[in-house]
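This one's a predicted model, so the numbers in the text were calculated from it and none came from an experiment.
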Amino acid sequence: MNQAISAGPKPPPGHDVADVLQHYYYLPDKLRVVRGEGVYLYSDDGRRYLDCSSGTFNLSLGYAHPEIVAAVREQAGELIHVTSKFQTEPLNALVSKLAEVSPANLTRVHLKSASGSDANESAIKIAQVHTGNSDVITLFRGHLGQTLAMIGASGAAFRRTPFPSHLPGVVHVPDPHCLRCFYKQERATCGLLCVERINDFIDYASTGRVACVVLEPISGNGGNVVPPDGYLQALKELCEERGILLVFDEIQTGFGRTGRMFAADHFGVSPHMMTFGKGLGGSGMPIAGILTEERLTGVEGHHINATFGGNVLAAVAALKTLEIIGRPGFLENVRTVGAYVLDRLRDLATKVPFVQEVRGVGLMIGIDIVDREGRPDPHLTNYLAERGMDHGLLLRTSLYGHGNVLKVRPALIMTRQEADEMCDLLERLFLSVS
């Protein structure tokens, strides 16, 4: 057939899946999806899956939220995109709203395109310009993005292994993972060594010229590690004592995921800069950006601008998302449903031998999977995620399959009834494996 049409234009691949797959750079999953609604995704064979991962944690309002769809559809007929040099009403309104809902010290907004990686990289550039210093401190297990610089800054060796060059001046320090404390301490008596010892890393492992500390308030891909009480407060004190800028990567934790607008609000700590992305698009519109203090303005645009930073469709979706999240009772429901899911999953942990801990805040929850000796078990974690599809669940694992945590982060619109369905399915999955 291909020979017969070789003289003319190629026809669309259609349903010839084998022909299509040979052109992918790497093979996608065999699941072919056709539509989504709320917390559910539907495949071409009619099966329905409850998405425990809300896309890639970016569908904060679920699939095809009708208000997002309507807002984007209306805007598309007027103006889709404009260079970020110009103003538009949606962009002005979004910048104003972001400044309003953010911690009070963060008054300046710089919009990026879809890439949280780009937002984090630009935040580091801002820190380097304003401090005149070069080094960056990040955490073990941290996930800061996919660009070459952010792979180098992220806290897992396997991500850096293939590449001969990395962002210079990155110093990785132990994360506040109390379950597997690097310093073998107990929280009641540790004195927050995971913060105190950063002074040693600065003095002996850096150049002594540290521009910023960049971390996720709750680790995303690194295993849903929730810092102990006082950690972020102590870290900010250290940064201010040493003239270092504190940057929160809220790309996964922002816009309601913890039951507060930002994790910074949940922990009561205001960073000097904050990056955001993912969930702001509501139902998947790509947008990211940076919030900074007033004193950190002035870096020239050609150093940190992005082609689609002025995307009007994304701005309209983001505005509607912020409106919905800000409605009375919305964030309270995230906290209530999240606490309910935590309780149910902790009860489930008592019924199977391979769950060591269930941890999280709001609807950002992780299930820590171990072997019979209590060691992290990535193999079993991946197996559970694969078997989840047989039970109508879409699950993701930590550290790109190298980790031992199942991530439970459904859309923030999840109801108590849907939470029960999700927990029931997880229980059937876990009991079938145990």
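- A donor-acceptor pair is defined here as one N or O able to donate and one able to accept, closer than 3.5 Å; such a pair exists between the side chain of Asn224 and the backbone of Met364.
- Sorted by first and then second residue, the ring-ring contact (aromatic ring centres under 6.0 Å, His included) pairs with a member in residues 288-336 read His81-Phe308; sequence neighbours excluded.
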Task: side-chain hydrogen bond (donor to acceptor under 3.5 Å, both in side chains) evaluation trace for Asn199 with Arg242 - done: CA-CA 9 Å; Asn199 285 297; Arg242 303 198 64 143; 2.9 Å; yes
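- Applying the ring-ring contact (aromatic ring centres under 6.0 Å, His included) test to pairs two or more places apart or on separate chains, those with a residue in residues 159-202 are Phe140-Phe182.
- Within the 3.5 Å criterion, the main-chain N or O of Leu393 finds no donor-acceptor partner in the side chain of His391.
- A salt bridge does not link Arg180 to Asp175: none of the charged nitrogens lies less than 4.0 Å from a carboxylate oxygen.
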Please list every donor-acceptor pair under 3.5 Å in which a side-chain atom of residues 262-274 meets a protein atom from a residue at least two apart or in another chain.
{"from": "Asp265", "atom 1": "OD2", "to": "Phe262", "atom 2": "N", "distance (Å)": "3.1"}
{"from": "His272", "atom 1": "ND1", "to": "Leu246", "atom 2": "N", "distance (Å)": "2.8"}
{"from": "His272", "atom 1": "NE2", "to": "Glu240", "atom 2": "OE2", "distance (Å)": "3.1"}

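- No salt bridge links Glu250 with Arg260; every basic N to acidic carboxylate O contact stays at or beyond 4.0 Å.
- Annotation for Gln185: atom CD counts as buried by contact number, over 12 foreign heavy atoms lying within 6.0 Å.
- For the side chain to side chain donor-acceptor pair (under 3.5 Å) test, no residue two or more places apart in sequence or in another chain qualifies with Gln128.
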With a cut-off of 3.5 Å and sequence neighbours excluded, list every side-chain donor-acceptor pair involving residues 144-159.
{"from": "Gln146", "atom 1": "OE1", "to": "Arg159", "atom 2": "NH2", "distance (Å)": "2.9"}
{"from": "Gln146", "atom 1": "NE2", "to": "Tyr400", "atom 2": "OH", "distance (Å)": "2.9"}
{"from": "Thr147", "atom 1": "OG1", "to": "Glu121", "atom 2": "OE1", "distance (Å)": "2.7"}
{"from": "Thr147", "atom 1": "OG1", "to": "Met150", "atom 2": "N", "distance (Å)": "3.2"}
{"from": "Ser154", "atom 1": "OG", "to": "Leu144", "atom 2": "N", "distance (Å)": "2.9"}
{"from": "Ser154", "atom 1": "OG", "to": "Met150", "atom 2": "O", "distance (Å)": "2.7"}
{"from": "Ser154", "atom 1": "OG", "to": "Arg159", "atom 2": "NH1", "distance (Å)": "3.0"}
{"from": "Arg159", "atom 1": "NH1", "to": "His143", "atom 2": "ND1", "distance (Å)": "3.0"}
{"from": "Arg159", "atom 1": "NH1", "to": "Gly145", "atom 2": "O", "distance (Å)": "3.3"}
{"from": "Arg159", "atom 1": "NH2", "to": "Gly145", "atom 2": "O", "distance (Å)": "2.7"}

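- The environment of CZ in Arg372 is sparse: at most 12 heavy-atom neighbours from other residues, nucleotides or ligands sit within 6.0 Å.
- Pairs of residues two or more places apart, or lying in two chains, that qualify as salt bridge (Lys or Arg N to Asp or Glu O under 4.0 Å) and include a residue from residues 86-102 are Lys97-Glu100.
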